[in-house]
Every structure is written in C-alpha cells, then in structure tokens.
K.L.:
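So that we are looking at the same thing, I have put the structure below in structure tokens.
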Amino acid sequence: MESINVRIDHGDEQRCTPGVTILEVLKIQHPDLFKSAVAAEIEGRLVDLIQVLDRDMNLRIITTDEPVGMGVFWHSTSHVMAQAVKSLFPETKLAIGPAIEGGFYYDFALDRPLTTDDLPRIEEKMREIIKKAQPFVRNTLSKADAIAFFEERGEHFKVEIIQEFPDDIISVYFNDGFADLCRGPHLPSTDYVKHFKLLNIAGAYWRGDERNAVLQRIYGISFPTKSLLDAHLRQLEEAKKRDHRRLGKELDLFSFQVEGPGFVFWHPNGMILYNTIQNYMREMFFKHGYQEIRTPIILNETLWHRSGHWDNYKENMYFTSVDDQAYAVKPMNCPGGLLVYKNSPHSYRDMPIKMAEMGLVHRHEKSGVLHGLFRVRQFTQDDAHVFCMPDQLETEVIRIIDMITEVYEAFGFFQYQIELSTRPARSIGDASMWEQAEKVLQSALNRKGIPFEINRGEGAFYGPKIDYHIRDSIGRLWQCGTIQVDFSMPERFELEYVGADGERHRPVMIHRAIFGSLERFIGILIEHYGGAFPIWLAPVQCVVIPISEKHRDAASDTMTRLTESGLRCRFDARNEKMGYKIREAEMQKIPYMCIIGDRESQDHTVSVRKRKTGDVGSRPVEEFIATLKEEMARRTSD
RNA sequence: GCUGGCGUAGCUCAAUCGGUAGAGCAGCUGAUUUGUAAUCAGCCGGUUGUAGGUUCAAGUCCUAUCGCCAGCUCCA
C-alpha cells in the first residue's frame with residue numbers, strides 16, 4: 001500500500017497510511033499534542049481532528065493555547081448544551097450557538113421561559129452527554145437535502161439560515177441523536193469538554209433585530225482544566241467585586257433615584273472625585289493651550305436644524321419650549337462652540353483656536369440600556385473643538401495625541417488600543433477631503449509610532465476619527481477618547497477666517513474628548529482601582545484615630561494640622577476600639593490612617609498605617625504631611 | 001423599547017402549602033478607655049416599590065405600573 005507524507009507544525013515529514021485520521025497520527029507520533037489538540041489547519045482551512053488524511057499535506061495543530069482553539073472548544077460546548085436543552089425540552093427550536101470572546105451562548109425558542117433554576121438541570125444533562133464520549137461526526141449534504149433534513153426536524157431557524165447560504169455544500173454535525181447545522185470544526189468527541197459552567201440567561205432577538213422573535217439565550221464558559229475554569233470564575237468574581245455600582249454604594253460616592261432614572265446623584269465623596277478630575281483636566285486645558293468656554297444647556301431648535309442634529313439625532317434629544325418658542329436640550333456641545341467661534345472674526349494669525357468645554361449634555365437613552373455610570377442620560381463631556389487651517393491639521397492631531405497619552409498615564413492607563421475609522425457609506429463631503437483627512441490621521445499616528453487598526457467604513461458621517469480603547473488593571477478595554485475630523489460643521493455654520501491673502505477661508509474643525517463622559521470615566525476609574533484610589537483622588541485621604549479618649553485632644557491637634565495643610569481628613573473620635581476604626585477605614589479603602597496614643601501625643605508624632613500594607617511606623621507630623629503631599633503630586637497609586 | 005428575572009428595615013438577607021414580618025450589620029443610648037481589620041448590653045427601625053384585584057386571610061396568587069439586574073447577530 002502506498003503511503004503519504006504528512007508534515008505537522010513545520011516538523012519533519014512523516015510517512016502515514018492513507019485513511020488514517022489526524023488524531024491517530026497525533027496519538028502515536030505526538031502524545032503531547034494529542035492531549036491539547038482540538039482541531040487542525042490544512043492550507044488555511046480549519047478541520048476536525050477526525051479528518052482522514054488521504055494525500056501529502058502540511059498540517060498545523062490547533063490547541064486550546066490559542067484563541068482559535070478555545071473558540072472550537074467553546075463551540076463544541078455550546079452544541080453539548082443545545083443537545084442537553086433539546087433532550088430536556090424536546091419542543092425546543094434551535095437558533096444559533098456560537099463561541100464568543102469569553103465563552104459561548106446558544107439561542108433557543110421554547111414556550112416555557114428558562115430560569116436560572118433550570119441551569120443545574122441542564123448542566124447535569126450536559127455532564128451525562130460528556131461522560132458518554134459521543135463522537136462529533138461531520139456530514140455534508142446538498143443545500144436541498146439540508147433544508148429537507150431540518151424541515152423534517154421542525155428547525156425552521158436552521159432552514160432560514162441555510163436558505164441564505166451561497167454554496168451548495170452544507171455541513172451538519174451529529175453526535176448521538178443530536179444534529180446541528182455547523183461549519184465546524186468540532187472537538188473529536190463530547191468528553192473533550194471537561195469543565196464548564198452555565199452563567200446566565202437572557203433574551204435575544206433572532207438575528208438581533210427587535211422586529212423578530214425573542215429567543216432565550218444561555219451563556220456559558222468551559223475549559224480543558226478545572227484550574228482554568230476556576231481562574232476564569234475567580235476573574236468574574238473579581239470583576240463583580242469591582243463593579244462601580246456596588247462600590248459607589250459602599251463608598252458612598254453616588255446614587256440613582258427613581259425620580260430620575262439615568263441621572264446621577266453625586267454624593268460628597270463622589271463629588272471629590274468629580275471635581276478633582278475636572279480640575280486636573282482644566283490644568284491640562286491650559287497647559288496645552290486651550291481656552292475654556294461654557295455654552296447654554298438649552299438652545300433654540302433652529303440651531304439643531306442647522307447643525308443636522310434634528311435630522312440625525314432627534315430620537316435621543318429632549319425638547320422644551322421657552323416663551324412659546326421650541327427649544328432643545330443639547331446632546332452635544334459643538335453647535336454652541338461654533339456660535340462662539342462665529343461671534344467674532346478670526347485671522348490666520350490666531351489659528352489654531354482651541355476651545356474646550358466641560359459640557360453638560362443630555363441624551364435620551366432607551367431605558368433598557370442604562371447601566372450605572374457607564375450609560376446615563378446626563379453627563380459632562382471633556383469636550384474641545386480645535387479650529388485650524390488645513391495645513392495645521394496634522395500638527396494639531398499630534399498635539400492631541402500627546403495630550404491624551406499624558407492624561408491616561410496620570411490615571412494609570414499605560415496600555416490602549418487605537419482604531420482609525422474611515423468613510424462610511426452614508427457621509428458628506430467630497431472624496432478628496434476624506435482621503436486627505438484619513439491620510440492626516442494615519443500619518444499622525446505613524447509619526448508617533450502608535451500601532452492602530454483600521455475600521456473601514458466606521459467613521460462618523462461628517463469625517464474620519466481615531467478612537468482610544470484603554471486597558472484597565474484587570475485587562476478589560478474601555479472606549480474613551482476620540483479625535484474626529486469634521487468637514488460638515490464649518491460648512492453648515494459658514495465658519496471663516498481671513499488668510500494671509502486677505503481672502504476668507506473655511507477652517508477645519510477637530511472634535512476631541514479624552515475622558516469622553518466624565519461620569520463614565522469615573523465609573524471606569526472606580527473599577528480600575530477597585531475603589532482604592534490613589535491619594536490624589538481619594539475622597540478621604542487620611543483618618544485620624546485616637547487610641548482612647550485621653551488622646552482625643554492630641555489627635556484633634558494633629559487633625560487640625562493635616563486639614564490646614566490641605567489634606568482631606570476624617571477624625572474618628574467614636575467610642576470604639578482602635579481595631580474597629582481601622583477595620584472600617586480599611587473597608588472604606590482610605591489610603592492612610594494616623595494612630596495617636598500615649599507615645600505619639602508625647603513626641604508629636606503619628607503612627608502611620610497604610611491601606612493594605614499595615615503599620616509603617618511612627619514619624620513627626622510634618623514629615624508625614626510632606627510624604628503625602630509628595631505622593632499627591634506624583635499622582636501615583638500606592 | 002423588547003425578553004426574562006428581581007424589588008422585604010439605611011445595608012446584606014430570612015419568612016415552609018397563602019395563616020398575620022425576623023436576623024446580622026449600621027444608627028441611637030449606656031457601660032467599657034482600648035496599640036494596628038469587628039468590646040458588651042439595651043433601644044430605635046417596616047403601609048413588604050406603587051396602585052388595584054382574588055381570598056376568611058396576601059410579602060407570598062392575579063393585573064397594571066415604576067425601578068433595578070442579565071442581555072438584545074462579535075455572522076451556521
């Protein structure tokens with residue numbers, strides 16, 4: 001019998017018998033890979049491990065160490081879940097069940113609403129299926145046969161999907177009596193799915209369209225080892241502990257009230273954060289050559305017609321009337337800023353003009369999307385508009401990039417991802433302007449040596465943009481900053497400047513925000529720091545704790561001294577033991593505690609306890625103040 | 001907006017089959033005078049989100065409503 005040559009992962013060629021499966025080859029030749037392999041890649045195509053080898057080829061083995069491999073793993077788990085649901089509730093119709101970034105889901109249509117109480121039952125059934133080690137078998141059918149097959153099974157969602165496929169070859173995976181339309185590849189058998197957990201249930205529309213049927217979605221996660229699953233669940237726990245809604249309550253930062261859903265009530269502690277951050281941003285405005293303006297919250301409706309918001313943004317706006325005239329509450333700051341620009345003539349000598357505004361905007365978000373500080377209906381933008389001459393555009397973009405970097409680093413964000421979004425299908429302005437602006441943004445990023453991804457067709461209708469996604473301390477990405485070139489507004493508002501030639505010219509406008517929404521950014525900071533703010537942001541920086549009543553006066557003096565030097569302190573003179581007060585200060589995540597007992601009141605020192613670290617010894621009050629001041633100035637976290 | 005779940009004291013939660021709301025923490029008062037994450041005792045605290053309904057009886061069942069939570073195509 002002839003043999004074939006197979007090369008695995010760029011290794012040596014191996015002689016194999018035709019008809020052998022990849023799995024069989026691995027088992028004998030690569031026992032280590034055999035353990036972690038989930039699929040293989042042949043000439044750029046993903047295939048099952050039970051694929052039969054019938055000719056010479058190069059193979060790449062996909063393991064769970066790479067995202068693609070985890071995708072296969074999760075996808076197979078979602079099949080097992082669907083199989084379990086189908087066996088528990090036979091009338092269930094299957095929609096789709098893909099692997100997603102952190103796990104998988106499957107959408108079902110069934111009459112009975114699923115609840116979290118059903119999850120253990122489904123998990124139990126899944127364990128049975130896994131135990132049986134049912135092989136996943138791939139079959140290919142013609143389009144017509146596939147439609148007939150799923151029609152017979154009453155799986156009309158599958159039929160709908162197949163009908164839209166361009167090719168005539170449809171793959172279906174079988175294990176035991178379960179069959180699912182699937183591109184594959186899949187794990188060789190169900191027992192590869194070792195450790196899993198179903199996480200939650202939610203509603204989802206068929207194809208994400210609210211006009212379609214509502215399906216029930218189950219989310220889950222799985223891993224090849226228990227320790228990986230446990231680590232993942234711990235990470236979810238960690239994220240839960242950092243949830244800014246929870247910390248906002250625990251640290252008494254803000255609240256929401258039924259009287260104003262989506263509108264933040266800032267408490268005194270939260271106000272410290274809010275103002276500290278805002279003051280910091282003001283410093284940055286001036287340091288980077290911005291002038292600050294403030295424009296009204298409600299403005300005549302005609303302005304919003306002119307700006308285009310009426311046509312493009314009406315659904316998200318609030319309206320009111322003043323003296324029988326129609327007014328609108330601003331959802332964005334730019335029109336107001338444009339009016340300020342237009343209020344006086346401008347010379348090329350003044351350009352660029354950089355106007356910043358801490359603008360309070362209102363946007364009517366659908367009730368279902370409100371989410372703590374992350375999605376609110378009223379928020380403050382650290383907005384700015386840069387009006388410049390076309391040849392200044394690149395320099396200004398680079399200056400903005402530098403400013404954004406500086407600001408993020410002050411908050412401990414050193415990693416971010418950047419996307420450049422280009423002209424969308426529906427847009428205004430001529431092609432050469434777009435091309436020019438896209439080139440400018442790209443070249444600015446290149447000159448700063450910042451890697452970025454291009455998001456084709458995702459730009460705003462009025463111009464291309466750069467978006468920043470910052471990575472927080474537990475690895476999550478948050479979209480914050482944005483730099484947008486705008487051709488539309490200067491046109492609509494007929495902005496002008498007088499050039500060196502004495503003629504009137506149209507300026508280019510850049511919109512930029514660094515935090516985006518101050519509310520949202522504070523939410524991100526709360527989660528990023530887990531509520532343990534660096535001292536410059538901490539609402540309370542130090543608690544003064546007298547050990548007993550007789551140290552009260554000495555402690556009070558210390559307290560006065562600290563307050564006078566501008567530190568935000570709290571005096572805990574309650575009739576409680578020191579340990580009790582320390583515990584409370586730790587739970588409130590206050591960075592420093594000053595303990596005053598006999599020794600300290602005698603030598604005018606303080607016994608310093610640092611959050612998380614514990615007792616760090618005694619020192620003179622003045623020395624302690626100097627240390628704190630220095631730490632504040634450095635804006636370090638811990 | 002839509003689907004599902006949840007709303008009990010300031011907070012975290014209990015209350016069996018529908019049988020007449022309870023605990024810890026917090027708060028207040030008192031005792032204790034404390035050396036690096038909870039001293040002890042007593043007291044206060046509720047129209048069970050709101051409005052209707054069913055029932056001899058509703059936190060519990062039904063309807064409506066408000067709010068909160070999970071989500072609402074990372075293309076089989």
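We name chains A, B, ... by the order of the sequence lines, and we start the count at 1 in each one. These numbers come from a predicted model, not from an experiment.
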K.L.:
State whether A:Tyr105 and A:Arg217 meet the cation-pi test: NZ (Lys) or CZ (Arg) under 6.0 Å from the six-membered ring centroid, and within 45° of the perpendicular axis.
P.N.:
yes
K.L.:
Does A:Tyr205 get its side chain close enough to the base of B:rG71, under 3.5 Å, for a donor-acceptor pair?
P.N.:
no
K.L.:
Nearest-nucleotide wise, let me know which of A:Ala202 and A:Gly614 is further upstream toward the 5' end of RNA chain B.
P.N.:
A:Gly614
K.L.:
Less than 3.5 Å apart, any donor N or O on the side chain of A:Gln257 or A:Ser255 sitting next to an acceptor on the other?
P.N.:
yes
K.L.:
Indicate, with a heavy-atom threshold strictly under 4.0 Å, whether A:Val369 touches base, sugar-phosphate, or nothing.
P.N.:
base
K.L.:
B:rG71 base to A:Gln216 side chain: any donor-acceptor pair below 3.5 Å?
P.N.:
no
K.L.:
Using a strict 4.0 Å threshold on nitrogen-to-oxygen distance, state whether A:Asp572 and A:Arg574 make a salt bridge.
P.N.:
yes
K.L.:
Once you measure the plane-to-plane angle for A:Tyr318 and A:His364, does it fall in the parallel (<30°), tilted (30-60°) or perpendicular (>60°) bin?
P.N.:
perpendicular
K.L.:
Which part of the nucleic acid does A:Asp615 contact within heavy-atom distance under 4.0 Å: base, sugar-phosphate only, or nothing?
P.N.:
base
K.L.:
If you measure only the distance, is there a donor-acceptor pair under 3.5 Å linking the side chains of A:Thr482 and A:Asp467?
P.N.:
yes
K.L.:
For RNA chain B, write out the stems as range with range, using runs of 3 or more consecutive Watson-Crick or G-U pairs with both distances under 3.5 Å.
P.N.:
B:1-7 with B:66-72, B:10-13 with B:22-25, B:27-31 with B:39-43, B:49-53 with B:61-65
K.L.:
A:Arg583 side chain: which of B:rG67, B:rA38, B:rG1 is closest?
P.N.:
B:rA38
K.L.:
Looking across every strand, which nucleic acid part, if any, lies under 4.0 Å from A:Lys550 by heavy atom: base, sugar-phosphate, or nothing?
P.N.:
sugar-phosphate
K.L.:
Base, sugar-phosphate, or nothing: which does A:Asp598 touch, judged by heavy atoms less than 4.0 Å apart?
P.N.:
base
K.L.:
Considering every strand and a 4.0 Å limit on heavy-atom distances, what is the contact class for A:Arg552: base, sugar-phosphate, or nothing?
P.N.:
nothing
K.L.:
Does A:Arg245 have a side-chain nitrogen or oxygen under 4.0 Å from the phosphate oxygens OP1 or OP2 of B:rA70?
P.N.:
yes
K.L.:
Reckon A:Tyr105 touches a base, only the sugar-phosphate, or nothing at all at heavy-atom distances under 4.0 Å?
P.N.:
sugar-phosphate
K.L.:
Checking salt bridge (Lys or Arg N to Asp or Glu O under 4.0 Å) against A:Glu527, which of A:Arg245, A:Arg246, A:Arg476 comes through?
P.N.:
A:Arg476
